[in-house]
Amino acid sequence: MNSKPVRTRFAPSPTGRMHLGSARSALYPFLLARRTGGTFILRIEDTDQKRFVPGAEQELIDGLHWLGINYDEGPDIGGPCGPYRQTERRDIYNEYAWRLVGLGHAFPCFCTPEKLASVRQEQINSKQNPRYDGTCRNLAVEEGRRRVDSGEKYVIRFKMPKEGSITTEDVLRGSSSTENSALDDSVLLKSDGLPTYHLAAMVDDHLMEISHVIRGSEWLPSLPLHVHIIRAFGWVEPQFVHLSVFLKPSGKGKMSKREASDAIKDGHSIFVSDLQGLGYIPEGVLNWIALMGWGVPEGDVLSLDDMIARFEIQNLTPSPAAINFAKLDHFNATHIRMLQTEDLAERVKPYFLHEGLVVDDIKLLKIVPLIRERLVTLDDCLPFAAWFFKESIQPKPIDLIAKDLTAADSLNIFRQACEIIINLPFTTPANSEPPMRALVEQLGFSPNQVFGILRAAITGQTVSPPLFDSMEIVGKEKVMERIKNAMDILEKK
RNA sequence: GCCCCCAUCGUCUAGUGGCCCAGGACGGGGCCCUCUCAAGGCCCAAACAGCGGUUCGAGUCCGCUUGGGGGCACCA
């Protein structure tokens, strides 16, 4: 039970599109913060200028907003620990890097990338583990300073102890020991003056008073380094939670670019903004990603509030999870069914408008209850209900003749149906259904045959919402008109 | 190559030594309902990776093997 208010963060780098992994990496720390009455922060880790993608930050912010994962502090809204964009904090990192030098835990290194590369290649050739060879590690402090002051290019590296070991702790996996000899003198400050992740994240997490670091498991191997850095500063480390990765649907390996585009062809995607465009609703997407890697003891249809109420770090699972799009469809359909009529009407309306249809809101409110339980994604509203908003429809002649019936049978059915409908005060199901069923009975055909061709005549398609409910919405006049139109089509044949 | 992590039905998972001849959900199959498509109801098939320990007793603890994943950058 986590009862103390925590401070958590989502710290993405703006180097690409927001995908499921990002979304979940934001969701869990958000849930933990809300659960404990704590604070959730968005921090942009944009220290790699080469990989920076314009617009990526905005996509991240839009994605979080769409999902309802709201942060309390962030680059666009500020907060007491700002700025929240790392490129705006470069002076801070510079200061802390040199502080580590002063403490004897780091050193300036003047080796050129070319030299480093050749050393590495040699090591690989002689089957050694590639690592920094220590050239600048023992330069006198004054000499290091002098060369830096003279304008020589440099980086600052962590001075990893040669001996001993370090014990680290992951909330989901327990503790683990690593020999320091297996660790490298990693770069903390790059020659462009910007920090690497190792320095920046540790400094920021400390300065922003992050109590729980929830991040991807790709960071697990560098956890010992991170703990070394934190302790070198004399700080205490936060709780570390490493989330497992998402695997592709087959469970073999993680999603590649190719699989990602295959998924899109399939009407699915691993990108948040795509999902939105494909007609998925945030409730469904959230529920789906939440349960990949989180074992909820009972009941798995959850709203964001439900998740907040039930979230426990201890219920997170350390093993990798394969993406399962069928389950996304299930959650999406389930959450659509739970929406209030007015709400769903509003969400579905843009799809009709996008088709150039004129939407009558009153009519839409009547249609929604008819299609709600038939939608997997919002755009499914089109095949089921677009015809409601069309002036005329073109039924296919073949659909106007039921299986085992002749055109004459169909014409007879239509004629008698007209008879019935014309005498009805209103075409409510209560009015229209009993006499129509009586007609079916009297003609000796099956309901399927009779109602099937009526559906084709009135809706222009073979699949639609229930016939009698549809007739009510369409209205008596238009129903008559369409049945007559169907008769014309049959007669012309 | 070296280091780290993971391992229950096809998939997501429950399970923290006896309550498990392993429970739920998705997906699959069948039946019912039924004007189409859905939704809903009922039922079925489906798993503790293997091998050694520890223990009166192991899915649950330990080791090895195997399989999978991740990491070894002046990327995050």
Side-chain angles (χ1 to χ4, degrees), chain A residues 11-16 45-48 50-51 109 111-113 116-117 120 124 127-131 153-157 170 172-173 176 178-179 182-184 186-198 200-201 215-224 242 244-245 247 249-254 288 291-301 314-315 317-331 333 337 370-376 380 383-384 433 436-437 440 446-456 459 461-468 470:
Chain A
S13 62
T15 52
E45 310 218 324
D46 55 351
T47 56
D48 185 354
K50 292 187 255 347
R51 292 204 306 154
C109 167
C111 299
T112 64
L116 261 13
R120 183 174 303 117
I124 291 169
K127 288 180 185 160
Q128 288 173 283
N129 287 334
R131 54 166 56 225
K153 276 229 167 211
Y154 71 99
V155 301
I156 289 180
R157 287 179 181 274
D170 171 83
L172 304 181
R173 287 162 254 256
S176 160
T178 309
E179 292 296 323
L183 272 13
D184 207 354
S186 301
V187 172
L188 302 178
L189 198 71
K190 300 181 278 186
S191 59
D192 64 2
L194 284 167
T196 59
Y197 173 90
H198 307 304
R215 53 168 18 175
S217 67
E218 66 270 23
W219 294 113
L220 213 40
S222 44
L223 181 59
H242 291 91
S244 61
V245 293
L247 270 25
S250 65
K252 306 272 184 204
K254 54 177 189 177
W288 181 49
L291 263 31
M292 285 193 278
W294 175 23
V296 183
E298 60 194 36
D300 55 5
V301 175
Q314 284 72 18
N315 293 132
T317 55
S319 46
I323 292 169
N324 183 311
F325 289 115
K327 205 145 188 168
L328 167 62
D329 286 345
H330 166 254
F331 280 125
R337 267 179 259 130
L370 265 37
I371 62 174
R372 179 164 31 211
E373 66 205 24
R374 286 166 239 268
L375 306 183
V376 173
D380 288 339
F384 278 113
E433 188 163 356
M436 293 297 274
R437 287 204 181 272
V440 168
S446 75
N448 201 342
Q449 290 170 313
V450 175
F451 301 151
I453 58 170
L454 279 168
R455 161 174 291 107
T459 73
Q461 41 197 57
T462 54
V463 173
S464 81
L467 180 64
F468 299 106
S470 298

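Sequence lines set the chain letters: A, B, ... in the order given, protein chains first and strands last, and positions in each chain run from 1. No hydrogens, no waters, no symmetry mates; every other heavy atom, side chains included, goes into these values.
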Would you mind reporting whether [Y] and [X] have side-chain heavy atoms less than 4.5 Å apart?
| X | Y | result |
| --- | --- | --- |
| L172(A) | Q314(A) | no |
| P249(A) | F325(A) | yes |
| K190(A) | T196(A) | yes |
| S470(A) | P465(A) | yes |

Expressed as a whole number of Å, how far does the [atom1] atom of [N] sit from that of [M]?
| N | M | atom1 | result |
| --- | --- | --- | --- |
| C75(B) | C62(B) | P | 39 Å |
| G68(B) | C26(B) | P | 30 Å |
| A14(B) | C19(B) | C1' | 14 Å |
| G41(B) | G27(B) | P | 13 Å |
| C51(B) | C56(B) | C1' | 23 Å |
| U8(B) | C2(B) | C1' | 31 Å |
| C33(B) | C42(B) | C1' | 11 Å |
| A39(B) | G28(B) | P | 10 Å |

In whole Å, I'd like the distance from the [atom1] atom of [X] to the [atom2] atom of [N].
| X | N | atom1 | atom2 | answer |
| --- | --- | --- | --- | --- |
| W219(A) | A76(B) | CH2 | C1' | 4 Å |
| D329(A) | A25(B) | CG | P | 19 Å |
| R215(A) | A76(B) | CZ | C1' | 11 Å |
| L194(A) | C75(B) | CG | P | 9 Å |
| I124(A) | G1(B) | CD1 | P | 14 Å |
| E433(A) | U34(B) | CD | P | 11 Å |
| L220(A) | C3(B) | CG | C1' | 11 Å |
| F325(A) | C12(B) | CZ | C1' | 14 Å |

Distance below 4.0 Å between [X] side-chain N/O and [N] OP1 or OP2:
| X | N | result |
| --- | --- | --- |
| T462(A) | U36(B) | no |
| K190(A) | C75(B) | yes |
| R131(A) | C72(B) | no |
| K127(A) | C2(B) | no |

Stepwise side chain to side chain contact (heavy atoms under 4.5 Å, CB included) test for F451(A) and M436(A): CA-CA 9 Å; F451(A) 301 151; M436(A) 293 297 274; 4.1 Å; yes
Nucleotide-resolved protein contact map, nucleotides 41-49 of chain B, B/S/- at heavy-atom distance under 4.0 Å: ---------
Nucleic acid footprint by protein, nucleotides 58-69 of chain B - heavy-atom cut-off 4.0 Å, B for base, S for sugar-phosphate alone: -----------S
No-H, no-angle donor-acceptor pair, R455(A) side chain to C35(B) base, under 3.5 Å: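 Such a pair exists between side chain and base.
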Side-chain donor/acceptor contact of S191(A) with base of C74(B) under 3.5 Å: yes
S13(A) and T15(A): side chain donor to acceptor below 3.5 Å: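 A donor-acceptor contact under 3.5 Å links the two side chains.
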Between H242(A) and R215(A), a side-chain donor and acceptor under 3.5 Å: yes
Parallel, tilted or perpendicular: rings of Y197(A) and W219(A) (30°, 60°):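 Parallel: the ring planes of W219(A) and Y197(A) meet at under 30°.
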When both hydrogen-bonding distances must be under 3.5 Å and the geometry is Watson-Crick or G-U wobble, what is [N] paired with, if anything?
| N | value |
| --- | --- |
| U36(B) | none |
| G63(B) | C51(B) |
| C2(B) | G71(B) |
| G18(B) | C56(B) |
| A25(B) | U11(B) |

Main-chain N/O of L220(A) paired to S217(A) side chain as donor or acceptor, under 3.5 Å: no
D192(A) side chain vs L194(A) backbone, donor-acceptor pair below 3.5 Å: yes
From the set [options], return the single nucleotide nearest to any side-chain atom of [X].
| X | options | result |
| --- | --- | --- |
| R173(A) | C5(B), U36(B), G71(B) | C5(B) |
| N324(A) | G10(B), A25(B), U34(B) | G10(B) |
| V463(A) | U36(B), A76(B), A7(B) | U36(B) |
| N129(A) | A76(B), G1(B), C5(B) | G1(B) |
| T317(A) | A14(B), G70(B), G1(B) | A14(B) |
| R120(A) | C74(B), A14(B), A76(B) | C74(B) |
| K327(A) | C35(B), C74(B), A25(B) | A25(B) |

Intermediate values then yes/no, side chain to side chain contact (heavy atoms under 4.5 Å, CB included), L183(A) and T178(A): CA-CA 8 Å; L183(A) 272 13; T178(A) 309; 3.8 Å; yes
Derivation of the side chain to side chain contact (heavy atoms under 4.5 Å, CB included) call for L467(A) and L454(A): CA-CA 8 Å; L467(A) 180 64; L454(A) 279 168; 4.0 Å; yes
Earlier contact from the 5' end, RNA chain B, for A182(A) and T47(A):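 Closest to the 5' end, via its nearest nucleotide, is A182(A).
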RNA chain B: 5'-proximal contact among N315(A) and R374(A) (nearest heavy atom): N315(A)
Sugar-phosphate only, base, or nothing, as touched by F331(A) at under 4.0 Å among non-hydrogen atoms: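 Result for F331(A) = nothing.
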Step-by-step side chain to side chain contact (heavy atoms under 4.5 Å, CB included) determination, L291(A) to F331(A): CA-CA 11 Å; L291(A) 263 31; F331(A) 280 125; 3.6 Å; yes
